[in-house]
Amino acid sequence: MSKPSVAELRPVVHPAGVKDRRSGEHWAGRLYMREISLRWTRHLVNTRITPNQLTYLMVVAGVAAGAVLLVPGLAGAVLAALLIQFYLLLDCVDGEVARWRKQTSITGVYLDRVGHYLAEAALLVGFGVRAADVFRAEGASANWLWAFLGTVAALGAILIKAETDLVDVARSRSGLPAVKDEAAVPRSSGLALARRAAAALKFHRLVGGVEASLVILLVAVADAVHGGLFFTRLGVAVLAAIAVLQTLLHLVSILASSRLR
């Protein structure tokens with residue numbers, strides 16, 4: 001069976017709205033990864049590889065990105081950033097293969113969400129362990145405070161996703177349809193203004209997988225130039241603070257909106 005062309009794939013695997021989803025499509029997907037993924041998908045749609053197998057591989061890549069941060073120096077940060085890009089690629093490809101074959105499933109959606117939780121948590125925990133200096137480059141023993149802060153950042157990243165996902169759970173159990181984007185706007189004008197300001201700054205995205213991997217790479221470069229782990233530890237502290245603050249603000253935003261009504 002001949003491989004479909006990119007032109008044949010595009011209208012099927014990228015139906016209207018896929019790239020424009022307000023909360024579902026990552027900026028990197030819209031900017032470049034969806035075009036790269038099409039070139040991969042055309043080689044995979046006629047193979048025996050299933051969409052769920054691609055999702056499992058996505059999870060492995062995401063968790064491995066956190067693990068390779070134990071490699072000291074710039075090499076570990078570069079490997080983590082590359083693995084997160086591979087993770088993002090697979091996150092696009094699994095759905096594209098499923099749509100082309102008409103094999104979309106609830107199981108696939110569930111695995112995809114679990115994969116996002118695991119990958120982002122692993123990356124931030126790995127960042128914290130890296131800052132703890134487990135290889136004792138700066139001291140006689142590891143400083144586990146930084147591992148704790150990395151875990152706090154990971155927990156915050158998971159809770160932010162859970163707060164969003166649990167809206168659909170609560171609505172489903174109450175017999176309500178899935179929430180629409182318009183319902184995300186807080187009913188209070190003050191809260192709506194604060195939400196727009198936060199969305200404009202986009203600081204909350206720094207605890208996401210792609211953004212966090214870029215922060216980790218940036219601070220690793222700074223530490224390679226400066227020496228030591230000062231910038232890595234600063235990055236862990238900043239991401240932990242952002243995760244805690246965003247967890248609280250996101251919860252308030254949901255409760256103040258019409259998403260639970």
Side-chain angles (χ1 to χ4, degrees), residues 17-30 55 58-59 62 84 87-88 91 95 104 106-125 127-128 148-215 236-261:
V18 167
K19 286 188 176 183
D20 302 322
R21 291 175 295 178
R22 180 175 177 178
S23 58
E25 183 68 7
H26 193 275
W27 61 264
R30 290 192 298 269
T55 305
M58 177 198 82
V59 176
I84 285 295
Y87 155 85
L88 179 62
D91 190 27
T104 55
I106 295 175
T107 301
V109 173
Y110 179 79
L111 289 173
D112 185 75
R113 295 305 298 170
V114 170
H116 292 172
Y117 280 53
L118 289 175
E120 294 190 6
L123 185 69
L124 292 168
V125 169
F127 191 27
F148 170 75
L149 289 178
T151 303
V152 168
L155 179 60
I158 290 175
L159 286 174
I160 292 165
K161 288 185 176 299
E163 287 169 353
T164 299
D165 291 342
L166 287 173
V167 169
D168 287 336
V169 173
R171 291 180 66 87
S172 176
R173 291 188 176 183
S174 301
L176 297 174
V179 70
K180 296 181 179 179
D181 285 341
E182 309 85 68
V185 179
R187 297 187 302 278
S188 163
S189 58
L191 283 173
L193 179 61
R195 187 177 187 277
R196 287 196 296 272
L201 292 172
K202 293 180 172 53
F203 73 95
H204 59 283
R205 289 187 175 178
L206 292 176
V207 294
V210 174
E211 292 84 353
S213 71
L214 296 177
V215 169
V236 170
V238 168
L239 292 190
I242 288 173
V244 170
L245 180 61
Q246 180 61 17
T247 299
L248 296 173
L249 292 178
H250 190 47
L251 178 60
V252 171
S253 174
I254 289 173
L255 294 174
S257 71
S258 301
R259 280 178 276 189
L260 298 178
R261 290 171 175 78

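Because the structure is predicted, anything quoted here is derived from the model rather than measured. Because only heavy atoms are used, hydrogens play no part in the values below, and waters and symmetry mates are left out as well, while side chains stay in.
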Residues Gln246, Val207; criterion side chain to side chain contact (heavy atoms under 4.5 Å, CB included); working and verdict:
CA-CA 10 Å; Gln246 180 61 17; Val207 294; 5.8 Å; no

Contact summary for Gly156 and Ala243, nearest pair of heavy atoms:
CA-CB, 3.9 Å

In Å and rounded to the nearest 0.5 Å, what is the CG to CD1 distance from Asp165 to Ile158?
11.5 Å

Can you check side chain to side chain contact (heavy atoms under 4.5 Å, CB included) on Val244 and Val152, steps first, answer last?
CA-CA 8 Å; Val244 170; Val152 168; 3.6 Å; yes

Applying side chain to side chain contact (heavy atoms under 4.5 Å, CB included) to Thr107 and not counting sequence neighbours gives Asn52, Ser105, Leu111

In Å, rounded to the nearest 0.5 Å, how long is the span from CG of Leu239 to CG of Leu206?
6.5 Å

In Å, rounded to the nearest 0.5 Å, how long is the span from CG of Leu245 to CD1 of Ile160?
9.0 Å

In chain order, what residues pass the side chain to side chain donor-acceptor pair (under 3.5 Å) check against Asp168, with sequence neighbours excluded?
none

Partners of Val109 by side chain to side chain contact (heavy atoms under 4.5 Å, CB included), sequence neighbours excluded?
none

Just jot down the side chain to side chain donor-acceptor pair (under 3.5 Å) partners of Ser213, sequence neighbours excluded, or say none.
none

Which residues share a side chain to side chain contact (heavy atoms under 4.5 Å, CB included) with Leu155, sequence neighbours left out:
Leu159

side-chain contact (heavy atoms from CB on, under 4.5 Å) partner of His250, the single match among Ile254, Leu248, Val252, Thr247:
Ile254

Mind checking the CZ-CG spacing from Arg259 to Leu166? Nearest 0.5 Å is all I need.
12.0 Å

Ala154 to Ala121 - nearest heavy-atom pair and separation:
CB-O, 3.5 Å

What's the shortest heavy-atom distance between Leu255 and Arg261, and which atoms?
O-NH1, 3.8 Å

For Glu120 and Ala157, the nearest pair of non-hydrogen atoms, with its separation, is OE1-CB, 4.3 Å

Test side chain to side chain contact (heavy atoms under 4.5 Å, CB included) on Leu123 and Tyr87; report intermediate values, then the result.
CA-CA 12 Å; Leu123 185 69; Tyr87 155 85; over 6 Å; no

Using side chain to side chain contact (heavy atoms under 4.5 Å, CB included) as the criterion, list what pairs up with Leu214, not counting sequence neighbours.
Val210

Begin from the C-alpha positions of Leu88 and Ile84 and carry the test side chain to side chain contact (heavy atoms under 4.5 Å, CB included) through to its verdict.
CA-CA 6 Å; Leu88 179 62; Ile84 285 295; 5.5 Å; no

